[in-house]
Amino acid sequence: SVYAEPMPENGDENSPLARLDDPTTEEVTNETYGGLKVLCEQVVSKRYGDSALVIRPTYVVGPYDYTYRFTYWVDRIAAGGPVLAPEPRDYGIQVIDARDQAVWAIDMLEKRQSGTFHTVSPEPRFTFEQMLEAIVSAVGPVGTSLVWVDREFLIDQAIDGEHLPLWPGPDFGDYGMALDPGRATSVGLAPRPLSQTIVELLEQEQKQPTPDGNTTGLSREREAELLRTWGDRRT
């Protein structure tokens, strides 16, 4: 979120940063969030100088993820059947397993390493379509299918990123998240395969569901209604 839009594809840690129209604001909104994060980094750098360790993840996922954003897709696809998948399918996306980030961060602190790092995976370009297909391959039962639905149709139906987590909705940018993790991997960041995260996440979710997880994402009834309407428009 610290980067100016649109984020450059395969951008490194020196990519242009977001700027606030009003640098004195303390109100957190979608428009100010990134710029405020930049100011937070600047405060840390001013106080700690070259000894600061600044970590820039994208979506942090895995067991016990209270946001339920990535978990929604794992749970939904594991249930099988036709799954509403929002266009654009080529939108760049990256995640990081919280456990891998934690191990790496602790190691960096113990070694007194400093600098600014992207903790992201997989390497770009990895797309929203590839993410959903990876989940289907890992946990989708026989008969699971992704039904790709036009972005403008979804927006017309008042669907946004709250209904379809990790989807940019009306805020679609040029590339999405396609950042270079090379600096972090060169000093030990070793993300586990996404398929492993998916399987382990589902196992944990089945044992201990996310509290209030059913309040995030589309209900099965609303999803079915949207798929029917989308199918009617295409016939």
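For this chain, numbers begin at 1 and follow the sequence in order.
Ring planes of Phe153 and Trp230: tilted class, angle from 30 to 60°.
Counted within 6.0 Å of CD on Glu129, heavy atoms from surrounding residues, nucleotides or ligands total more than 12; the atom is thus considered enclosed. Crowding of Asp50 atom CG: a count of heavy atoms from other residues, nucleotides or ligands under 6.0 Å not exceeding 12. Residue-environment remark: CG (Asp21) stays at or below the threshold of 12 foreign heavy atoms within 6.0 Å.
The main-chain N or O of Ala52 is never found under 3.5 Å from a side-chain atom of Arg47 such that the two would form a donor-acceptor pair. Looking only at distances, no side-chain donor or acceptor of Ser121 sits under 3.5 Å from a matching main-chain atom of Pro191. In terms of modelled atom types and a separation under 3.5 Å, the side chain of Trp167 and the main chain of Glu87 share a donor-acceptor contact. Here the side chain of His118 pairs a donor or acceptor atom with the backbone of Asp180 at under 3.5 angstrom. A donor-acceptor contact shorter than 3.5 Å links the side chain of Gln130 to the backbone of Thr127. Within the 3.5 Å criterion, the main-chain N or O of Leu179 finds a donor-acceptor partner in the side chain of Gln94. With hydrogens and angles ignored, the 3.5 Å screen pairs a side-chain donor or acceptor of Thr185 with a backbone N or O of Gly182. Thr197 places no side-chain N or O within donor-acceptor distance of the main-chain N or O of Asp97, the cut-off being under 3.5 Å.
Ion pairing between a basic and an acidic side chain is recognised when a charged N comes within 4.0 Å of a carboxylate O; Lys111 and Asp107 show such pairing. Using a cut-off of 4.0 Å between Lys/Arg side-chain N and Asp/Glu carboxylate O, Arg183 and Glu13 are scored as salt-bridged. Classification of Glu223 and Arg220 as a salt-bridged pair holds, one side-chain N sitting under 4.0 Å from a carboxylate O.
In the hydrophobic clustering of this structure, Tyr68 does not group with Tyr64; members are Ile, Leu, Val, Met, Phe, Trp, Tyr whose side-chain heavy atoms approach within less than 4.5 Å, directly or through other members. Hydrophobic clustering of Ile, Leu, Val, Met, Phe, Trp and Tyr side chains at less than 4.5 Å, counting indirect connections, keeps Ile96 apart from Leu132.
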For the pair Arg222 and Glu225, evaluate salt bridge (Lys or Arg N to Asp or Glu O under 4.0 Å) and give the outcome as yes or no after the intermediate values. CA-CA 5 Å; Arg222 179 61 171 143; Glu225 178 186 354; 3.4 Å; yes

Any chance you could lay out the side chain to side chain contact (heavy atoms under 4.5 Å, CB included) test for Val60 and Phe70, step after step, and finish with the verdict? CA-CA 9 Å; Val60 182; Phe70 183 75; over 6 Å; no

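By the 4.5 Å heavy-atom criterion applied to side chains, Asp65 and Thr210 are not counted as neighbours.
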